[in-house]
Amino acid sequence: MKKKLFLIHGWIGNQLGILFFIICFSGTISTISHELDWLIQSNYRAIPQSTFVSRNVISNNFAMTYPKAKITYWIRHDEPYLCDLLYKEEDNKLSFVFANPYTGEIQGETSLMAQLYLRDLHYYLFIPFQIGNYIVLLFGFLMLVSVISALYFYKSWWKKLFTLDIKKGSNKFSRSLHRVVGLWTIPFIFLIVIISSWYFAERANIAGIKPMVNPKHIKLDILNYQKEEKSSFPFNIDYDKAVKIAEEAIPHLKVKNISPAIDSTETIYLMGNSNVPLVRQRANRVYINPYNYKIEHIQNAATSTTIMWINDIVDPLHFGYWGGITTKIIWFIFGLFISILILSGIYISLKRKARLKQKGMIEKISVNAINTIITSCLFYFMLKRLHTRYEATILAHCVIFIFWTAVFALLYYLLVFKIRKTRSVENKIN
């Protein structure tokens with residue numbers, strides 16, 4: 001039984017190791033993606049101040065800067081050092097505008113954000129038709145199988161929590177590193193597995209939970225209201241008034257994100273943080289009629305159902321932003337540990353193969369087929385999305401190309417070149 005579990009553990013690493021690494025590493029960087037955007041995009045930076053400027057000032061500045069565009073979504077981050085992010089739609093093209101929340105100044109715009117790029121990569125590998133979503137979620141279950149099988153065939157694993165062999169050669173060190181990192185990340189891995197299970201249940205609509213945790217937007221009957229003239233801002237929204245009404249509707253609410261009414265049947269949809277811990281901003285929702293500013297619907301995190309509460313805590317727990325920069329760093333470190341765990345497992349497997357007899361060509365192809373096929377699909381659809389959805393600049397394409405070239409060059413050095421060099425030295429000695 002232990003031998004079979006060891007083979008299962010090794011098979012998962014051999015067949016899917018590179019994909020495991022891409023999913024885990026992209027999720028790890030996603031935990032600090034806002035900070036990465038702050039580093040990359042100088043126009044995204046804001047100097048924190050004691051008070052915010054009127055949202056109406058920001059919307060007016062947007063209208064003057066982009067007279068033919070409209071705001072389709074408005075994000076105000078929990079991070080005080082970031083500008084507001086306004087989704088700008090013009091001529092059926094989407095871009096992202098940076099608005100300083102303290103001064104109201106429009107500081108610039110971009111067609112591609114690191115946070116959105118990493119989110120799409122981690123969520124569904126850019127592979128459409130929900131195929132990518134299910135591939136990523138499947139890895140959560142395979143991670144559980146991998147951990148349980150390892151605990152079963154490793155003897156007295158609890159005695160090896162602090163055992164790291166650093167003076168007994170590279171083979172001993174890589175195996176002990178793999179074991180120690182794996183043991184210390186078990187609680188975090190189980191958390192990820194539980195969250196992945198919930199994501200899968202929601203995506204597959206198991207027990208009909210999908211409509212229960214994703215209520216539909218409220219639609220208006222426009223026959224009851226006088227039709228407004230069309231303009232770049234369909235209702236000339238008074239954002240300050242809408243925010244004030246929403247914050248009075250839910251105790252302790254601080255409105256963050258706003259979805260403006262962009263056609264004659266939509267409400268203004270406001271979200272934010274209250275005194276309920278852990279939940280994401282969407283846990284508190286207020287839908288306001290843009291014609292008369294009456295509240296059409298309220299969702300209060302303090303009174304929501306248990307299943308809704310669970311759905312609203314999984315994202316903060318998955319990406320670690322529930323406790324600010326402190327928990328982000330903790331999640332980032334554990335994510336790096338899991339990435340190291342995956343790479344060390346691949347290294348051990350390839351090192352073991354290098355010591356065995358050379359295998360046949362058919363077997364070699366089968367071992368790498370899944371990794372190769374899915375990774376190829378990933379990069380094909382990624383390039384397609386960069387061109388069609390993000391309309392990324394040549395510079396953005398070059399940066400992404402250099403990044404992935406550096407990642408795979410490093411992987412090649414660690415997992416192929418170094419092993420071959422080590423085996424060559426060992427053969428000469430023998």
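Salt bridge absent: Lys70 and Glu90 never bring a charged side-chain N and a carboxylate O closer than 4.0 Å.
The number of heavy-atom neighbours closer than 6.0 Å to OH of Tyr87, taken from other residues, nucleotides and ligands shown, is above 12. Counting heavy-atom neighbours within 6.0 Å of His387 NE2, excluding the residue itself, gives a total of 12 or less. More than 12 heavy atoms of other shown residues, nucleotides or ligands fall within 6.0 angstrom of atom CZ in Phe403.
Side-chain atoms of Ser146 never come within 3.5 Å of backbone atoms of Met143 as a donor-acceptor pair (strictly under, hydrogens ignored). Judged by distance alone, the side chain of Asp37 and the main-chain N or O of Gln115 form a donor-acceptor pair under 3.5 Å. Side chain of Ser349 to main chain of Ile346: no donor-acceptor pair is present (N/O by atom type, distance under 3.5 Å, no hydrogens or angles). Side-chain N or O atoms of Glu109 include none that pairs as donor or acceptor with a backbone N or O of Ser95 at under 3.5 Å. Panel note: side chain Glu105, backbone Asn100; no donor-acceptor pair is recorded below 3.5 Å. Judged purely by atom type and a 3.5 angstrom limit, Arg285 uses its side chain to pair as donor or acceptor with the backbone of Arg282. Here the side chain of Asp315 pairs no donor or acceptor atom with the backbone of Phe319 at under 3.5 angstrom. Trp331 places a side-chain N or O within donor-acceptor distance of the main-chain N or O of Leu317, the cut-off being under 3.5 Å. Without hydrogens or angle criteria, Asn284 side chain to Met271 main chain gives no donor-acceptor distance under 3.5 Å. For Thr265 (side chain) and Lys219 (main-chain N/O), no donor-acceptor pair under 3.5 Å exists by modelled atom type.
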Passes salt bridge (charged side-chain N to carboxylate O under 4.0 Å, His left out), Arg385 versus Asp120? Steps please.
CA-CA 10 Å; Arg385 192 164 180 81; Asp120 288 350; 3.3 Å; yes
For a side-chain contact (heavy atoms from CB on, under 4.5 Å) check, start with the C-alpha distance between Phe6 and Ile8, then their side-chain angles and the critical distance, and finish with the verdict.
CA-CA 5 Å; Phe6 179 79; Ile8 292 172; over 6 Å; no
In sequence, state the C-alpha distance, the side-chain angles, and the governing distance for Arg76 and Asp84, and then conclude on salt bridge (charged side-chain N to carboxylate O under 4.0 Å, His left out).
CA-CA 5 Å; Arg76 175 157 293 175; Asp84 285 5; 2.8 Å; yes
Could you go through Glu79 and Lys328, starting from their C-alpha distance and side-chain angles, then the distance that decides it, and tell me whether this counts as salt bridge (charged side-chain N to carboxylate O under 4.0 Å, His left out)?
CA-CA 12 Å; Glu79 296 84 358; Lys328 283 185 181 184; 2.4 Å; yes
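Rounded to the nearest 0.5 angstrom, Ile237 CD1 and Arg55 CZ are separated by 12.5 Å. To the nearest 0.5 Å, the span separating CH2 on Trp404 from OG1 on Thr375 amounts to 9.0 Å. Once rounded to the nearest 0.5 Å, the distance linking CD1 of Ile186 with CG of Leu341 reads 9.5 Å. To the nearest 0.5 Å, atom CD1 of residue Ile23 and atom OH of residue Tyr124 are 14.0 Å apart. Here OH of Tyr321 is found 7.0 Å from CZ of Arg280. Values are rounded to the nearest 0.5 Å.
Relative orientation of the His9 and His178 rings is perpendicular, given thresholds of 30° and 60° on the angle between their planes.
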